[in-house]
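Comments concern the structure below.
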There are 2 protein chains.
Amino acid sequence: MQKQTFLTKNQQIVLNLVEKSSQPLKAYSILFNVQKKGLKAPLQVYRALDKLVEIGKIHKIESRNAFIACQDSSCQISKATAFSICESCEKVTEINNSKLSKYLNNFKDSSGMKYSKYNLEFFGLCKKCKNK
Amino acid sequence: MQKQTFLTKNQQIVLNLVEKSSQPLKAYSILFNVQKKGLKAPLQVYRALDKLVEIGKIHKIESRNAFIACQDSSCQISKATAFSICESCEKVTEINNSKLSKYLNNFKDSSGMKYSKYNLEFFGLCKKCKNK
DNA sequence: AATTTTTTGTTATAATATAACAATGTGTAA
DNA sequence: TTACACATTGTTATATTATAACAAAAAATT
């Protein structure tokens, strides 16, 4: 069997839900919402999430243990991700800034280690929350 | 009571352990190792960890759910952190690069949101693992 | 069709983290 | 210096997040 090029049923169900949401979803909230579609166990959700993250359709917000759909249609793999996170309303936005990604992709520190991937999370108050 | 300026007994016990370790420690591994010192419950460890993170003595490696001592003695608060993580041996190193931190502290994206904090995790293979 | 591999379904359990509340300790101020 | 306020502790219970193990079904390959 060659490498999977399409989404399986479970992956599609989970992706549809995550894409409908404007904000990151927790795994068990996803589980609850897809139970009517037949996904009954955590593993079914986690397996779909794992694959979707691997192929870059969704990203995991590590500091929140939550999953958000990729905003960049050209993204094929989650190897350079940046997000802004509002510490008040928890709104999360993917940052798509070519200068930033170029800077980080080329970053080398003194250790001589070459990085193949990064994840950056910015925290602060979003415009709405700042003006409250 | 004024804001705590020193470490409490539990915080000191947890910090000592984390500082002795060259690599990030998991909360329950910390718990196991401090049980002889009298910390018997997860909450005692998590509370100490929370405070130590807050005051910048340790950092949480979000993608690993693990805690590492701060390498920068001048660090008073965990508001600008960067790490390199080897995906093979799991070695984690704090990155202390003033150009990087300056760049990220000054970064503004199109949303107009002002960031007060960031956490950056680089992934790859460390020198040792690359040469295997 | 036989083989191989991926995906699925399922049960159980591991690992990570917090809620709630009573008790104790410590700094501040009357 | 004692009463107040509040931070910290100890404890039990439970919530949340995630994976192990294995059998069965589905899809691609030969």
Side-chain angles (χ1 to χ4, degrees), chain A residues 1-18 21 23-55 57-68 78 87 90 92 119 121, chain B residues 1-18 21 23-55 57-68 78 87 90 92 119 121:
Chain A
M1 191 182 199
Q2 72 176 118
K3 212 170 164 187
Q4 177 189 318
T5 62
F6 55 88
L7 298 181
T8 67
K9 184 170 67 81
N10 289 357
Q11 291 161 12
Q12 193 62 62
I13 289 169
V14 169
L15 179 58
N16 286 348
L17 184 71
V18 176
S21 168
Q23 288 310 294
L25 296 178
K26 302 267 200 161
Y28 276 72
S29 145
I30 293 172
L31 175 59
F32 179 82
N33 279 285
V34 296
Q35 275 176 334
K36 55 181 87 87
K37 306 256 183 189
L39 283 83
K40 285 182 258 174
L43 247 197
Q44 297 176 286
V45 169
Y46 278 105
R47 286 200 277 229
L49 288 172
D50 284 352
K51 179 61 79 169
L52 292 167
V53 166
E54 185 190 327
I55 64 179
K57 290 289 187 185
I58 64 175
H59 303 300
K60 182 172 186 184
I61 308 301
E62 293 287 356
S63 66
R64 299 298 187 257
N65 296 319
F67 299 86
I68 192 170
S78 294
E87 291 185 297
E90 292 293 325
V92 173
N119 178 55
E121 298 182 1
Chain B
M1 194 182 198
Q2 72 174 117
K3 209 169 166 189
Q4 177 189 317
T5 61
F6 55 88
L7 299 180
T8 65
K9 181 170 68 77
N10 289 356
Q11 291 161 11
Q12 192 63 60
I13 289 169
V14 169
L15 179 59
N16 286 349
L17 183 70
V18 175
S21 169
Q23 288 309 297
L25 296 178
K26 303 269 201 163
Y28 276 71
S29 143
I30 293 171
L31 175 59
F32 179 82
N33 279 285
V34 297
Q35 276 176 335
K36 56 181 88 90
K37 306 255 183 189
L39 282 83
K40 284 181 258 174
L43 250 197
Q44 296 176 287
V45 169
Y46 277 106
R47 287 200 278 231
L49 287 172
D50 283 352
K51 179 61 78 171
L52 290 167
V53 166
E54 186 190 325
I55 64 178
K57 290 289 188 186
I58 63 175
H59 304 301
K60 182 173 185 182
I61 308 301
E62 292 287 355
S63 65
R64 299 300 186 257
N65 296 319
F67 300 85
I68 193 172
S78 295
E87 289 184 299
E90 294 292 324
V92 173
N119 179 55
E121 297 181 0

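First the proteins, then the strands, lettered A, B, ... as listed; each starts at 1. Bear in mind the structure is a predicted one, so any value in this text is a computation, not a measurement.
Contact annotation: A:Lys51 does not reach the phosphate of C:dT8 (side-chain N/O to OP1 or OP2, under 4.0 Å). The shortest distance between the side-chain N/O atoms of A:Thr8 and the OP1/OP2 oxygens of C:dT8 is below 4.0 Å. For A:Asn65 and C:dA17, the shortest distance from a side-chain N or O to OP1 or OP2 is not below 4.0 Å. Dashed line: the shortest gap from a side-chain N or O of B:Lys26 to OP1 or OP2 of C:dA15 is not under 4.0 Å.
Legend: residues meeting side chain to side chain donor-acceptor pair (under 3.5 Å) with A:Gln23, ordered by chain and number and at least two apart, are absent. Residues that satisfy the side chain to side chain donor-acceptor pair (under 3.5 Å) test with B:Ser63, not counting sequence neighbours, are B:Glu121. Take A:Glu90 and apply the side chain to side chain donor-acceptor pair (under 3.5 Å) test, not counting sequence neighbours, and it matches A:Arg64.
The NZ-P distance, from A:Lys9 to D:dA27, rounds to 11 Å in whole Å. Look at CD1 on A:Ile13: it is 12 Å from C1' on C:dT8, rounded to the nearest Å. Computed from coordinates, the A:Leu49 CG to C:dT8 C1' distance equals 16 Å when rounded to whole Å. The CZ-P distance, from A:Arg64 to C:dA17, rounds to 13 Å in whole Å. For the pair B:Asp50 CG and D:dA7 P, the computed distance is 15 Å after rounding to whole Å. One interatomic measurement links the two molecules: CD of A:Gln11 to P of C:dG9, which rounds to 12 Å at whole-angstrom precision.
Taking each heavy atom of A:Phe67 and A:Val18 in turn, the nearest pair found is O-CG1, 3.9 Å. Of all heavy-atom pairs spanning A:Val34 and A:Ile13, the tightest one is CG1-CG2, 3.7 Å.
Between A:Asn10 and A:Arg47, every side-chain heavy-atom pair lies at or beyond the 4.5 Å cut-off. In this structure, B:Leu7 and B:Ile55 have side chains that are in contact, with non-hydrogen atoms separated by less than 4.5 Å.
The side chain of A:Asn10 sits closest to C:dT8 out of C:dT8, D:dT17, D:dG10.
Comparing the helix axis at one end of the helix from C:dA1-D:dT30 to C:dA30-D:dT1 with that at the other, each defined from 5 consecutive pairs, gives an inter-axis angle of 30° (nearest 10°).
Put simply, A:Tyr28 does not rest on the base of D:dT16: the two rings are not both less than 5.5 Å apart at their centres and under 30° in tilt.
Residues of residues 29-48 of chain B that place a heavy atom closer than 4.0 Å to DNA chain D, in numerical order, are B:Lys40, B:Ala41, B:Leu43, B:Gln44, B:Arg47.
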Checking B:Asn65 against B:Lys60 for the side chain to side chain contact (heavy atoms under 4.5 Å, CB included) test, could you report, in this order, the C-alpha distance in whole Å, the side-chain angles of both residues, the deciding distance, and whether it holds? CA-CA 7 Å; B:Asn65 296 319; B:Lys60 182 173 185 182; 4.0 Å; yes
Would you mind writing out the side-chain donor-acceptor pairs for residues 37-45 of chain B within the sub-3.5 Å range, not counting sequence neighbours?
{"from": "B:Gln44", "atom 1": "OE1", "to": "B:Lys40", "atom 2": "N", "distance (Å)": "2.8"}
{"from": "B:Gln44", "atom 1": "OE1", "to": "B:Ala41", "atom 2": "N", "distance (Å)": "2.9"}

